[in-house]
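Note that ligands are numbered from 1 as they come in the structure, with each ligand's atoms numbered from 1 the same way.
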Amino acid sequence: MKRTIRLLAPLVTVGVVIAGGTAAQAAPAGLQLVQTRQSLLGAHTWYQQTYRGIPVFGGYYATHTDKGVLTVDDGRKAVTGLADDIAGLTAQGARSKVAGRLGKQPGSAQLVIVPGSPATLAWMTLTPTGKGTYRTLVDADSGALLQEKNTVRQADGKGRVFDPNPVVKLQNESLTDNDNADGPQFARAYRTVRLTQLDRGTDKLHGRYAFNISDNQVTNHSRTFLFNRSQDGFEQVMAYYSITGAQEYIHRLGFRDVNNEPQDFSTTGYEDDNSYYDPSVDGITFGTGGVDDAEDNEVIWHEYGHAIQDDQVPGFGESEEAGSIGEGFGDYWAVTMSQATSPNTAVTPWACVMDWDATSYTDDTPHCLRRTDGPKVYPGDLENEVHADGEIWSHALWDVNRALGRTTANRVILESQFFFNPTISMPEAARRTVATALVLYGPYAALKTRAAFHARGIL
Ligand SMILES: [Zn+2]
């Protein structure tokens, strides 16, 4: 049943005195003061546009004073064709409609005018849910849904992870996979962390920089993902966390366009003790043989390294040497990401790659899949196998890191890769890296970068 709402509210006129007090100036009629904020340069006053006393949805008016100079930002919307008499829903009617849709009672309902031609009178409800507050606009005449939006801007969740992995965290080279079983020996290796960049409203591990496409993917309405290593969800959380963290780091370095997308990943269904990045589908798959690969951040970051390069240079790694640069960069990227959260110790040196994953297939300690500080040189030690030959490249990058510092080195390395091509040779890639160091940081940085490649026989 409908009821008539009559728009009787008087015109509201707000006389405005600009903050600062000297230059009094009236703002247009129909404005409702929202707030005034003081900044370094002046005062910023915000108003809500109203029409016959009712807020106009999205309509604003702002004044900025900078040492007495006034500027206006007029965001008022045209309101035309609004009927005087509207047969409509009551506030309670609107609330019940929304409650039926969202399964939760709205906390508030207020009339607003949705601008347009004709403008529409609507109820705006705010409904708290486990996924954040939903703002819903319901046509006050017809009851139709006009718009619904989760107002959460950046959704965080909670997850349990290893960071970077139990061997490093516990400084214990004798840990073993033990058939993926959890146990008290791992208790102090777990950390509960914030999962950032999740899509608004999602109950999955779907976010701005990482996108879980695993089979049987985990869901949680309050975005709380607490698993142990024996559970399939654990590796999904690890991959989401580590990929997102790497991309946030890339953004902190100043790059806005280096694999700046939700990276697909899967941690289930591939039972080999291996992982891969597949450029044809732009996805990373983590194997579950031995230690589940996504239990070791350095495996995740190595694979993400491939995704980074493939995003910078389409089809990167076509030749044997370019493929070796790809593997070397992946190992380097794993190590430099670990630098942020792990100590460089005799038990687990930074240069040791994948300390935890490698416990499944190496006998010597420290357990390392490969190292970024080995003795190989170019071209004498080339074996025509990309992972083995990648150790030459990763060592050169590691020396750049040691010489210039982590931040500077990583800016140079990421920036230079934009100038690579799919079949680039090691000497050519090295020359472009040196040239990038020169432009970004000057002759001293270029000299140090050149020395790192020279020490490996590349330049
Ligand atoms: Zn690789």
Aromatic contact between F255 and Y249, with the criterion being ring centroids under 6.0 Å apart: yes or no?
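Here the rings of Y249 and F255 have centres that are no less than 6.0 Å from each other.
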Measure from the Zn ion (ligand 1) to every N/O/S atom of H302 and report the name of the nearest one.
NE2
Would you name the N/O/S atom of E327 that lies closest to the Zn ion (ligand 1)?
OE1
At less than 2.8 Å, would any N/O/S atom of H306, backbone or side chain, sit next to the Zn ion (ligand 1)?
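True for H306.
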Taking distance alone, no hydrogens or angles, what donor-acceptor pairs closer than 3.5 Å link side-chain atoms of residues 419-429 to residues at least two apart or in another chain?
residue: N421; atom: OD1; partner: T423; partner atom: N; Å: 3.1
residue: N421; atom: OD1; partner: I424; partner atom: N; Å: 2.9
residue: S425; atom: OG; partner: E428; partner atom: N; Å: 3.2
residue: E428; atom: OE1; partner: R431; partner atom: NE; Å: 3.2
residue: E428; atom: OE1; partner: R431; partner atom: NH2; Å: 3.1
residue: E428; atom: OE2; partner: R432; partner atom: NE; Å: 2.7
residue: E428; atom: OE2; partner: R432; partner atom: NH2; Å: 3.0

For A396, enumerate each residue passing the side chain to side chain contact (heavy atoms under 4.5 Å, CB included) test, keeping only those at least two apart in sequence or located in another chain.
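For A396, the residues satisfying side chain to side chain contact (heavy atoms under 4.5 Å, CB included) (neighbours in sequence not counted) are F453, R456, I458.
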Go through the side-chain N and O atoms of H251 and Q247 and say whether any donor and acceptor fall under 3.5 Å apart.
yes
